[in-house]
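Order of the sequence lines fixes the chain letters, A, B, ..., with proteins taken first and strands second; residue numbering starts at 1 for each chain. Just so it is clear, the values below take in all heavy atoms, side chains as well, and ignore hydrogens, waters and symmetry mates.
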There are 4 protein chains.
Amino acid sequence: MSVHARKRRAALDRERRREQIVDAAVEVFAGKGYRAASIADIIEKAGVARGTFYLYFTSKEEAFNAVLDRFHARYRAMAARETARNYKNPIGLEKRLRASLLEWLRFLLEDPKLTTIVFRQAAAVDPDYEEKYLEILRAAQAHSIKAIRFLQTIRVLRADLDPGFLNAVFYGTTMQIVLRAIADSRAPDLEAIADQWIRLLRAGVLRARAK
Amino acid sequence: MSVHARKRRAALDRERRREQIVDAAVEVFAGKGYRAASIADIIEKAGVARGTFYLYFTSKEEAFNAVLDRFHARYRAMAARETARNYKNPIGLEKRLRASLLEWLRFLLEDPKLTTIVFRQAAAVDPDYEEKYLEILRAAQAHSIKAIRFLQTIRVLRADLDPGFLNAVFYGTTMQIVLRAIADSRAPDLEAIADQWIRLLRAGVLRARAK
Amino acid sequence: MSVHARKRRAALDRERRREQIVDAAVEVFAGKGYRAASIADIIEKAGVARGTFYLYFTSKEEAFNAVLDRFHARYRAMAARETARNYKNPIGLEKRLRASLLEWLRFLLEDPKLTTIVFRQAAAVDPDYEEKYLEILRAAQAHSIKAIRFLQTIRVLRADLDPGFLNAVFYGTTMQIVLRAIADSRAPDLEAIADQWIRLLRAGVLRARAK
Amino acid sequence: MSVHARKRRAALDRERRREQIVDAAVEVFAGKGYRAASIADIIEKAGVARGTFYLYFTSKEEAFNAVLDRFHARYRAMAARETARNYKNPIGLEKRLRASLLEWLRFLLEDPKLTTIVFRQAAAVDPDYEEKYLEILRAAQAHSIKAIRFLQTIRVLRADLDPGFLNAVFYGTTMQIVLRAIADSRAPDLEAIADQWIRLLRAGVLRARAK
DNA sequence: CATGAATGAGGCTTCATTCAT
DNA sequence: CATGAATGAAGCCTCATTCAT
């Protein structure tokens, strides 16, 4: 094997090894939270030696950041697809909105452990890693609010609702649905949930009364 | 002073001292989270000696449970008042719903540190104190879902929306609003938020289109 | 016992405990040097628990500084006595110089382990604790050079010798004598050494030749 | 190329590689001391791989010994030249002594890093490599004392001064001068220092008094 | 020979809990 | 009851050495 080929292979191996440790870290951080998770837990689950961990991460915090990065990368890809969608055409609007909600739910439930970690930090405010997390959070919020404003501009969403409030509704509700699904560790009927969402979005929750 | 009176006084003092420590614990747990909070932090803030802490709590976990208990007690009182309300009369329904939402927001923002602690654990699932927290959570969920079902029965809420879903909407959205208000550490305009809620509940978020 | 008396006693105990740990630290640092010495070595020798060490010192480095402080305090006391001495009177000058040399040797050999630690650092340049050590070193050098200049002023020492050079002679030679005595772990004949010093100081080392 | 020639060339290459690592080791040990120096430091400076280091040295300690060996070899060469010198002729004695002192100072300052390492260990007594160092030290002392005795025999040096004491004066003073010059990292005026030495040797340091 | 990923013993420090005063 | 010194298990991280490629 040529030197070049060997180096390339080594790089691949290195990346693979790193992923193997991140996989373990996801499991452990999801199970115990950042503080309670120990390096011992991670290396045991990853099946590597203590020193090996530090070949790939300089600290526990960096490993945690790698976990958040993994989520962030997937999130960005998802958000990019989302943005590409065209809401301009009013025909089939609800159908597309429903599809979009479903996709987000599927995305968040695809790797439940990873989602747990990220959502958990929503409130955790741990001074140790707030930085990285807040970066992700801000990006997500900005994306969300921008989308809401756009939908208001093109008159899909009513303009008399505050984007911040709507964002709280979307984000908070989704978070609840996902965390509960994960806690119950059973696959929820996402189609039914999407239907519920559409009903809510379309007509609120109050029973129409005779005027 | 009679023996009986002395004992009562001692009990009162004891209770007062305990509250003093719980006060400190609320501050510290809110500021750092359960794991990062140390007994040293708590006793320093409470102004008691290390040993004294263990005269009132057998462990850090028990002190945390006392904090959750404090929230739980206040929550039960709030829920009791809520339940006493009468939704039967359709006259002024929205006004009463609005008042109710406002009251919950005010309750949750009244002691922001305490609320922070409880909501933070919503996602934290720390094996150390899950027990106590889940108890509170289950009680809250049960209360909420029961209320929703009741409102559906009396035809205030539409029956085609799943109580679990509605609960996620209420709980998740409220949690987001409250946590953000606390994070921004500025008093939000609760009246305006209540108005937003009512608009959402009444007619959803989608702009009505020509049929 | 009154609260005040108890506190005073506690303070005494605390000081005593601290000294006990510093005693152990002196032994260990003298035996292995700063880097090779471990906290485990020190606490074992001191007969205290691991945590106890950190009640008195925030780090290994601080314990080392405490050791240097001990030397520094003794050194300052010694230098103060030295300075008080009067060299003005030319009568009995050599006798007083001899007494002074003897005192320094005795001082340095009084606690050989402590002296070893300090002299070892003369060349060790360990970035970890250089700060504290250099402070001591500079103080000693300043004291020494000042004394030399004074002795030149009052015409005890010849003025055609550079104070820096003379300082190197005094300091270097003394260091050698002391380190060797410690290495051989036998008490040297200090009187004889003092005599050698006086002979050197008085007439150099070269045999007088016929002019 | 013949097998023999190839082997010789390989041996040369091997020797060159080894020297390259020793060069790096000198830098690193001088900069950080034995304990704080890491293999990582050495191989980085030498530009070789981790495993390569262990092809030339079985351990960190052995690399350190190689460094000491380098000094020892140079020292022996220097001492040999020194011994060859003829002090018998009293004519120009001081001039020759001065030349000799100058040569030693130059030798010690020629490779300051190497000298730093060796002198540093004078006091360091690190159990890890005491063996090798003490060997060098004993050789140096023996050489020095033998030279002193010889100079006393031929009546260059006074016989009433103890060779051990004189050795401490020479060794200790030189060490101080050299270490300080290195620490100040400026080339000292060696000629002036030699003059100071001669003055000291010739007539001591005390100002002659009227008898 | 050269490489560098992997190893794990060992070091420093923290902190919940105990207990003698 | 109150105190705070003492404890030691447990956690994070480093680094000399090994070994498969």
Got a sec, which residues hit ring pair (Phe, Tyr, Trp, His ring centres under 6.0 Å) with C/Phe57, two or more places apart in sequence or on another chain?
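Scan of C/Phe57 (ring pair (Phe, Tyr, Trp, His ring centres under 6.0 Å), adjacent residues dropped) gives C/Phe53.
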Residues two or more places apart in sequence or in another chain: which of them pass ring pair (Phe, Tyr, Trp, His ring centres under 6.0 Å) with A/Phe71?
A/Phe107
Of residues 45-54 of chain C, the positions that come close to DNA chain F - non-hydrogen atoms, cut-off under 4.0 Å
C/Val48, C/Ala49, C/Arg50, C/Gly51, C/Thr52
Pair listing, salt bridge (Lys or Arg N to Asp or Glu O under 4.0 Å) test, anchored in residues 43-60 of chain C, at least two apart
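Non-adjacent pairs meeting salt bridge (Lys or Arg N to Asp or Glu O under 4.0 Å): C/Glu27-C/Lys45.
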What does D/Ala37 touch in the nucleic acid at a heavy-atom separation under 4.0 angstrom: a base, only the sugar-phosphate, or nothing?
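Counting heavy atoms under 4.0 Å across all strands, the contact made by D/Ala37 is with sugar-phosphate only.
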Under 4.0 Å between any heavy atoms, over every strand shown, what does B/Thr58 touch: base, sugar-phosphate, or nothing? Just pick one.
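Nothing, no nucleic acid heavy atom in range.
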Begin from the C-alpha positions of D/Ile43 and D/Thr52 and carry the test side chain to side chain contact (heavy atoms under 4.5 Å, CB included) through to its verdict.
CA-CA 8 Å; D/Ile43 62 174; D/Thr52 306; over 6 Å; no
Pairwise 5' ranking along DNA chain E for C/Ser38 and A/Tyr56, keeping only the more 5' one
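This one resolves to A/Tyr56.
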Contact between A/Arg14 and A/Tyr56 at the side-chain level, heavy atoms closer than 4.5 Å - yes or no?
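They are in side-chain contact.
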Roughly, in whole Å, what's the span from [atom1] in [X] to [atom2] in [N]?
| X | N | atom1 | atom2 | result |
| --- | --- | --- | --- | --- |
| A/Lys60 | F/dT14 | NZ | C1' | 18 Å |
| A/Arg14 | F/dA20 | CZ | P | 21 Å |
| D/Arg35 | E/dC12 | CZ | P | 10 Å |
| A/Asp13 | E/dA6 | CG | C1' | 13 Å |
| A/Arg18 | E/dG4 | CZ | P | 19 Å |
| A/Glu44 | F/dC12 | CD | P | 13 Å |
| B/Phe57 | E/dC15 | CZ | P | 20 Å |
| A/Leu55 | F/dT17 | CG | C1' | 13 Å |

Phosphate OP1/OP2 of E/dA6: any A/Arg17 side-chain N/O under 4.0 Å:
yes
So that I can tick it off, tell me whether C/Asp13 and C/Arg18 are bridged by a salt bridge, with the cut-off set at under 4.0 angstrom between side-chain N and carboxylate O.
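Salt bridge flag = no for C/Asp13 with C/Arg18.
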Assess whether a salt bridge exists between B/Asp23 and B/Lys113, defined as any Lys/Arg side-chain N lying under 4.0 Å from an Asp/Glu carboxylate O.
no
Dot-bracket, 5' to 3', for DNA chain E please: Watson-Crick or G-U pairs under 3.5 Å, [ ] where pairs cross earlier ones, | where the partner sits on another strand, dots elsewhere.
.||||||||||||||||||||
Toward the 5' end of DNA chain F, which comes first, D/Ser59 or A/Ala40, by nearest nucleotide?
A/Ala40
Grab the two heavy atoms, one from C/Lys32 and one from C/Ala37, that are nearest each other, plus how far apart they are.
CB-N, 4.0 Å
Apply side-chain contact (heavy atoms from CB on, under 4.5 Å) to D/Tyr54 and list each qualifying residue two or more places apart in sequence or on a separate chain.
D/Ile39
